[in-house]
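Contents: one structure, followed by commentary.
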Number of protein chains: 2
Amino acid sequence: MLGLLLELVVFVGDDMQRRLARDDLTAARAGVLWALRARGPVTQRELATALAVTPRNVTGLVDGLAAAGHVTREPHPTDRRATLVTLTPAGTRLVERLEDEQREFAGLLFDDMPAERLDALGGGLAEILERMRG
Amino acid sequence: MLGLLLELVVFVGDDMQRRLARDDLTAARAGVLWALRARGPVTQRELATALAVTPRNVTGLVDGLAAAGHVTREPHPTDRRATLVTLTPAGTRLVERLEDEQREFAGLLFDDMPAERLDALGGGLAEILERMRG
DNA sequence: TATTGTTATACTCTATAACTATA
DNA sequence: TATAGTTATAGAGTATAACAATA
């Protein structure tokens, strides 16, 4: 069928997408919610840097999340050019619930990954898996 | 940062996307190539079913792959409505090379996954991982 | 009538470039 | 001058619906 690794990524990605769709979310918008959960209120410029995406793209993602009631644009206290994107209480509850669901699935996949394997995977991925086991 | 599983999928997916981009491919177009490698020449309708995508979407993907010289549209021998999407020799070489690269990376991730873990993952994913170890 | 693939239209995610308001 | 965020425009991937050619 597909290449095996591609199949795996597609499978896990589709599973995630189905769950996100139940809450009218996409992967890109969920990424914004998780960034906000980790960082607290930030400017769109900071979001663009964190997500490695253009400022124009952040405008659209925040538009969608604001329309759904997950975030608000608050005025920046000292810089009138900037806005602080802020999780609403409903948005906070949503991202916490999704995080719980995913931790369960991730543990099933990677709890017993041996340490030598992690070393061989190198920088970024090894760090991610390390945190998935913690 | 992102949810941990989302991070993993994003990491692996980005890695794949970077490698595909070196050959001017996207994940969706690579999926067509792999389907053709597994099945041989098929109609667009069959591709749409195999990829769980609309016929309209297949039209666009095949347009791109044909423009790049990876596939051709051949007349169906008995049904003049249909076309047989066929890998060119260059397309065949490309998909074989990508498959080799990915098998290496996949083995690094999953070679020692314990069998009980696989059982707990249930249907589709367990089957994929089983084949990745073989 | 039913099926194959197309055109028409629309939405999301992505990008660059030009512009406005502010620093 | 430089920065934050917008509008304008474009392209890929996805969808539904209407249509032409063929079965």
Side-chain angles (χ1 to χ4, degrees), chain A residues 2 6 9-10 13-14 16-18 20-21 23-36 39 41-68 70-86, chain B residues 2 6 9-10 13-14 16-18 20-21 23-35 41-68 70-86:
Chain A
L2 298 177
L6 180 56
V9 172
V10 167
D14 284 357
M16 194 178 316
Q17 189 182 330
R18 272 190 300 274
L20 293 174
D23 297 294
D24 285 310
L25 278 180
T26 63
R29 288 177 189 181
V32 173
L33 293 183
W34 266 294
L36 292 174
R39 295 156 192 267
V42 290
T43 64
Q44 296 189 185
R45 167 57 75 178
E46 285 173 279
L47 274 178
T49 301
L51 302 171
V53 118
T54 60
R56 175 61 184 93
N57 198 350
V58 172
T59 297
L61 296 173
V62 171
D63 284 350
L65 289 168
H70 301 315
V71 306
T72 56
R73 285 184 168 98
E74 304 294 338
H76 192 286
T78 64
D79 187 341
R80 287 202 295 172
R81 298 170 304 177
T83 64
L84 286 178
V85 183
T86 307
Chain B
L2 298 175
L6 180 57
V9 173
V10 167
D14 283 358
M16 193 178 318
Q17 189 182 329
R18 271 190 300 275
L20 293 174
D23 296 295
D24 284 310
L25 278 181
T26 63
R29 290 178 187 179
V32 173
L33 294 183
W34 266 295
V42 289
T43 63
Q44 295 189 187
R45 167 58 75 179
E46 286 174 279
L47 274 178
T49 301
L51 301 171
V53 118
T54 61
R56 175 62 183 92
N57 197 350
V58 172
T59 297
L61 296 173
V62 172
D63 284 351
L65 289 168
H70 301 315
V71 306
T72 57
R73 282 184 170 98
E74 304 294 339
H76 191 287
T78 64
D79 188 340
R80 286 204 293 173
R81 298 170 304 178
T83 65
L84 285 179
V85 183
T86 307

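Chain identifiers are assigned alphabetically (A, B, ...) following the order of the sequence lines, protein sequences preceding nucleic acid strands; residue numbering begins at 1 within each chain. Below, all heavy atoms of this structure are taken into account, side chains as well, without hydrogens, waters or symmetry copies.
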Check your understanding: What about B:R81, does its side chain sit under 3.5 Å from the base of C:dT3 through a donor-acceptor pair?
Key -> yes

Mind checking whether [X] and [Y] have side chains closer than 4.5 Å, heavy atoms only?
X     : Y     : value
B:T43 : B:T83 : no
B:E46 : B:T49 : no
B:V32 : B:V58 : no

Among [options], which nucleotide sits nearest the side chain of [X]?
X     : options               : result
B:L61 : C:dT14, D:dG13, D:dA4 : D:dG13
B:A28 : D:dT14, C:dC13, C:dT4 : D:dT14
A:Q44 : C:dT14, D:dT6, C:dT12 : D:dT6
A:R29 : C:dT12, D:dA12, D:dA4 : C:dT12

Whole angstrom value for the distance that separates [atom2] of [N] from [atom1] of [X]:
X     : N      : atom1 : atom2 : result
A:D63 : C:dT14 : CG    : C1'   : 15 Å
A:L47 : D:dT3  : CG    : P     : 19 Å
B:L20 : D:dA12 : CG    : C1'   : 14 Å
B:R80 : D:dA20 : CZ    : P     : 18 Å
B:D14 : C:dC13 : CG    : P     : 16 Å
A:N57 : D:dA4  : CG    : P     : 17 Å
B:E46 : C:dG5  : CD    : C1'   : 14 Å
A:H76 : C:dT22 : NE2   : P     : 15 Å

Check your understanding: Are A:T59 and D:dT7 close enough that a side-chain N or O sits under 4.0 Å from OP1 or OP2?
Key ->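 Checking A:T59 against D:dT7: no side-chain N or O falls below 4.0 Å of OP1 or OP2.
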
Check your understanding: Think B:R45 has a side-chain N or O under 4.0 angstrom from the OP1 or OP2 of C:dT6?
Key ->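 The answer is no; no side-chain N or O of B:R45 sits under 4.0 Å from OP1 or OP2.
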
Check your understanding: Can you list the steps and then say if A:R29 with A:D63 is a salt bridge (charged side-chain N to carboxylate O under 4.0 Å, His left out)?
Key -> CA-CA 10 Å; A:R29 288 177 189 181; A:D63 284 350; over 6 Å; no

**Study point:** Sugar-phosphate only, base, or nothing, as touched by B:R56 at under 4.0 Å among non-hydrogen atoms
**Key:** base

Review point. Contact class for B:V58 (heavy atom, under 4.0 Å): base, sugar-phosphate, or nothing?
Key: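 The answer is nothing, as B:V58 stays clear of every strand by at least 4.0 Å.
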
**Study point:** Contact nearer the 5' end of DNA chain C, comparing A:T54 with A:D79
**Key:** A:T54

Point to revise | With B:L33, the side chain to side chain contact (heavy atoms under 4.5 Å, CB included) member among B:L25, B:D23, B:L20 | key: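 With B:L33 as partner, side chain to side chain contact (heavy atoms under 4.5 Å, CB included) holds for just one option, B:L25.
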
